[in-house]
Amino acid sequence: PNPGPGLHATRVIVRCSEDSRKANDTLATSVVVPPPPVVINEVMSKPLGKDCEWLEVLNHSASALSLEDWTFEDSGGKPRRITDRGLSLKPGAYAVLVENEAAFSGAYGESSQVVYFKPAGGWPTLNDVEGPFGFADAIVLRDGFGTSVDSMAYGERWARPGFSIERISPDGPSGDPANWSPHYGGPGGSPGRRNSVSFFLPQGEDILRLSPSTFTPDGDGQDLLALMRARGAT
């Protein structure tokens, strides 16, 4: 449902029992998939006590986006309408879909300014036990046309009870387990705030400058690679 951003080789095959000419039934082409404008950013699937399940999404685009007619679903496959209030997310803004508004407010009072609400279509129960397909549950976010905007599947051991699952980089692939981690710090999560494990590459050409540009582990200042080559080492 979500191949991820980038260039993808695609093959389309049309089969028709009444078609006797098979040579023109296949089309191969390349499709460029842009980065998703809204990503699944954090998931609380194992709440403790009176806390509730919740899901955080992040507008990762440079423009405000309306979530009207958008839906989300778990592996049960039933689309649930996110909002009927015409919610618009500013660039870099978060929205938290919650199972229970009162329980969420009680657990995250410091996040009271973040946009959080129970989805208009109701809340699915997020599974914690791994099923026959090798994951506990999957979440799919769809736009008003039913197109999959973002999706992720998490495993049974991805998070401890009382800790959310956080996305490490919004630019990283949603389907890569290496791009997700349990919330770091106290029990709970970081709804409406930057994830505790988030990783953003700085803008610009230079990320890190080394001086001198050549250095050695033993600190004697000699270029060991050049020295080894001079001595005929491999």
Side-chain angles (χ1 to χ4, degrees), residues 1-43 45 55-83 87-89 91 95 97 119-122 124-158 165-181 198-201 203:
N2 181 17
L7 183 66
H8 299 273
T10 306
R11 178 175 294 176
V12 181
I13 302 175
V14 178
R15 293 186 175 92
C16 178
S17 59
E18 299 178 358
D19 183 13
S20 58
R21 185 179 178 185
K22 307 296 183 181
N24 62 349
D25 291 355
T26 302
L27 172 66
T29 186
S30 295
V31 177
V32 176
V33 179
V38 178
V39 297
I40 301 168
N41 197 55
E42 191 173 359
V43 180
S45 62
L55 164 68
E56 179 192 74
V57 297
L58 165 67
N59 181 358
H60 190 46
S61 72
S63 305
L65 290 172
S66 172
L67 298 185
E68 186 175 4
D69 295 329
W70 284 45
T71 63
F72 80 108
E73 63 201 64
D74 69 347
S75 57
K78 178 182 177 181
R80 300 172 186 270
R81 191 174 181 182
I82 291 178
T83 178
L87 175 67
S88 180
L89 275 186
L97 316 181
T125 300
L126 300 179
N127 300 324
D128 298 328
V129 180
E130 221 147 272
F133 298 105
F135 57 84
D137 213 338
I139 301 173
V140 182
L141 185 66
R142 299 184 185 275
D143 62 17
F145 298 99
T147 303
S148 173
V149 175
D150 196 25
S151 63
M152 60 88 71
Y154 60 87
E156 181 178 350
R157 296 183 178 89
W158 281 34
I165 306 167
E166 294 184 334
R167 192 187 190 105
I168 296 175
S169 171
D171 295 312
S174 303
D176 185 0
N179 196 36
W180 295 89
S181 171
S198 66
F199 176 73
F200 291 85
L201 287 176
Q203 299 297 319

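Side chains are part of it too, since the values below use all heavy atoms of this structure and drop only hydrogens, waters and symmetry mates.
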Chemist: Could you list the residues that satisfy side-chain hydrogen bond (donor to acceptor under 3.5 Å, both in side chains) with Thr125, not counting sequence neighbours?
Modeler: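 So Thr125 forms no side-chain hydrogen bond (donor to acceptor under 3.5 Å, both in side chains) with any residue.
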
Chemist: For Pro119 and Phe72, work out which heavy atoms get closest and say how close.
Modeler: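 Minimum heavy-atom separation between Pro119 and Phe72: CG-CE2, 3.6 Å.
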
Chemist: Quick check: closest heavy atoms across Ala153 and Trp158, and the distance to 0.1 Å?
Modeler: O-CH2, 3.3 Å

Chemist: Looking at Pro91 and Ser61, what are the two nearest heavy atoms and their distance?
Modeler: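 Answer, listing the atom of Pro91 first, then Ser61: CB-O, 3.4 Å.
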
Chemist: Output the distance between atom CG (Asn41) and atom CE (Met152), rounded to the nearest 0.5 Å.
Modeler: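 So the gap between those two atoms works out to 10.0 Å.
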
Chemist: In the structure I gave you, are the side-chain heavy atoms of Tyr154 and Trp180 within less than 4.5 Å of one another anywhere?
Modeler: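 With C-beta onward as the side chain, the pair stays apart.
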
Chemist: Backbone N or O of Gly172 within a donor-acceptor pair of the Arg167 side chain at under 3.5 Å?
Modeler: yes

Chemist: Can you tell me how far the CG atom of Leu89 sits from the CH2 atom of Trp70, to the nearest 0.5 Å?
Modeler: 8.5 Å

Chemist: Judged by atom type as modelled, is there a donor-acceptor pair below 3.5 Å linking the side chain of Asp137 to the main-chain atoms of Asn127?
Modeler: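 Indeed, once roles are kept as given, a pair shorter than 3.5 Å links the two residues.
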
Chemist: Testing the basics here: between Ser151 and Ser174, what is the closest heavy-atom pair and its distance to 0.1 Å?
Modeler: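 In terms of heavy atoms, the two residues are closest at O-CB, 3.1 Å.
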
Chemist: Nearest 0.5 Å please: distance from the CD atom of Glu166 over to the CD atom of Glu56.
Modeler: 8.5 Å

Chemist: Of the non-hydrogen atoms in Val140 and Ser148, which two are nearest, and what is the gap between them?
Modeler: CG1-OG, 3.8 Å

Chemist: Can you give me the closest heavy-atom contact between Pro37 and Leu65, atom names plus distance?
Modeler: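 Looking at all heavy atoms of both residues, the closest pair is CB-CD1, 3.5 Å.
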
Chemist: Once side chain to side chain contact (heavy atoms under 4.5 Å, CB included) is applied, do any residues pair with Phe133, and if so which ones, sequence neighbours excluded?
Modeler: Phe135

Chemist: What is the distance from atom OG of Ser75 to atom CG of Leu126, rounded to the nearest 0.5 Å?
Modeler: 9.0 Å

Chemist: Kindly indicate whether the side chain of Leu55, heavy atoms from C-beta on, has any atom under 4.5 Å from the side chain of Ile139.
Modeler: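 Answer yes - side chains close enough.
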
Chemist: Are the side chains of Glu73 and Pro79 in contact, using a 4.5 Å heavy-atom criterion?
Modeler: yes

Chemist: In a table with atom names and distances, give each donor-acceptor pair under 3.5 Å that connects a side chain of residues 21-35 to protein atoms at least two apart or in another chain.
Modeler:
from	atom 1	to	atom 2	distance (Å)
Lys22	NZ	Asp19	O	2.9

Chemist: Any chance you could measure Glu156, atom CD, to Asp128, atom CG, to the nearest 0.5 Å?
Modeler: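 Answer rounded to 0.5 Å: 8.0 Å.
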
Chemist: So, do Leu58 and Pro170 sit near enough that their side-chain heavy atoms are less than 4.5 Å apart?
Modeler: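 A side-chain contact under 4.5 Å exists here.
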
Chemist: Rounded at 0.5 Å granularity, tell me how far CG in Leu141 sits from CD1 in Ile40.
Modeler: 5.5 Å

